[in-house]
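Before any comments, here is the structure.
Atoms considered below: every heavy atom in the structure, side chains included; atoms not considered: hydrogens, waters and symmetry mates.
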Amino acid sequence: MLSADTHLAARVCQVSDYVQVSTAAPSRDVAVELAQQAVGRRLAAGAQIVGPVTSVFWHLGEQGVGEEWQVLLYTTLARYPDLEACLHQAHPWTSPQVTAVPVVKGATGYLNWVSRTVDDA
């Protein structure tokens, strides 16, 4: 029989279990608030805020350029739907960008921490 630690380490090998979720916010304060809500509700184990960044985009039929703050959140695929819903509910924009990319590789200790943090919620 596998110990709990061995079982969790085996689970880490499942690369599809972990995602990095990205969104953008109009200001640093909004980015921090989005991150605090997601982490506070244990939908993400942690978040990083990067910015300001310059975004070039199409919006309402026109090309635009704007300053935004990027929010990167780290969670499991199982928690993604609730995290996405949280971000959409808390976001000031009507249709914010919320995307997830799989974590292809990661340090075992870090990924174990992500699992423990969001799974214990």
Side-chain angles (χ1 to χ4, degrees):
M1 177 141 190
L2 296 175
S3 71
D5 288 339
T6 304
H7 183 269
L8 189 55
R11 203 177 134 212
V12 169
C13 295
Q14 305 280 331
V15 296
S16 61
D17 283 351
Y18 301 93
V19 291
Q20 179 188 66
V21 178
S22 174
T23 191
S27 70
R28 181 184 182 282
D29 290 344
V30 170
V32 170
E33 180 60 29
L34 291 171
Q36 286 180 326
Q37 286 196 37
V39 172
R41 293 173 57 185
R42 306 280 293 270
L43 300 173
Q48 297 170 322
I49 298 167
V50 182
V53 297
T54 301
S55 294
V56 179
F57 51 86
W58 279 98
H59 184 64
L60 300 176
E62 294 182 15
Q63 184 174 342
V65 176
E67 184 176 279
E68 300 175 341
W69 292 78
Q70 185 177 36
V71 183
L72 301 173
L73 303 114
Y74 303 91
T75 193
T76 60
L77 191 58
R79 294 296 274 167
Y80 175 80
D82 291 333
L83 175 58
E84 181 184 328
C86 172
L87 293 172
H88 278 288
Q89 179 183 17
H91 210 289
W93 294 338
T94 305
S95 185
Q97 168 258 327
V98 178
T99 57
V101 295
V103 173
V104 176
K105 296 229 182 232
T108 301
Y110 175 76
L111 296 176
N112 286 342
W113 169 77
V114 170
S115 292
R116 284 191 314 271
T117 300
V118 300
D119 290 348
D120 289 346

Donor-acceptor contacts under 3.5 Å from residues 83-94 side chains, at least two apart:
unit_1: E84; atom_1: OE1; unit_2: Y80; atom_2: OH; d: 2.8
unit_1: H91; atom_1: ND1; unit_2: W93; atom_2: N; d: 3.1
unit_1: H91; atom_1: NE2; unit_2: A24; atom_2: O; d: 2.6

Hey, what else clusters with V101 if you join Ile, Leu, Val, Met, Phe, Trp, Tyr whenever side-chain heavy atoms sit under 4.5 Å? none
side-chain hydrogen bond (donor to acceptor under 3.5 Å, both in side chains) involving E33 - partner list, sequence neighbours excluded: Q37
Within the 4.5 Å heavy-atom criterion, are T117 and R42 side-chain neighbours or not? yes
Looking at CG of L77 and OH of Y18, how far apart are the two atoms once the value is rounded to the nearest 0.5 Å? 11.0 Å
Do T99 and V21 have side-chain heavy atoms sitting under 4.5 Å apart? no
Check: S22 side chain, L72 main-chain N or O, donor-acceptor pair, under 3.5 Å: no
Kindly write out the residues that satisfy side chain to side chain contact (heavy atoms under 4.5 Å, CB included) with A31, not counting sequence neighbours, or none if the list is empty. A25, I49, W69, V71
Sequence neighbours excluded - side chain to side chain donor-acceptor pair (under 3.5 Å) pairs with any residue from residues 23-32: none
With Q48, which residues qualify under side-chain hydrogen bond (donor to acceptor under 3.5 Å, both in side chains), at least two apart? Y74
Considering only heavy atoms from C-beta outward, does the side chain of T76 approach that of D119 to under 4.5 Å? yes
Without placing hydrogens or testing angles, list every side-chain donor-acceptor pair under 3.5 Å for residues 50-59, not counting sequence neighbours.
unit_1: S55; atom_1: OG; unit_2: E68; atom_2: OE1; d: 2.6

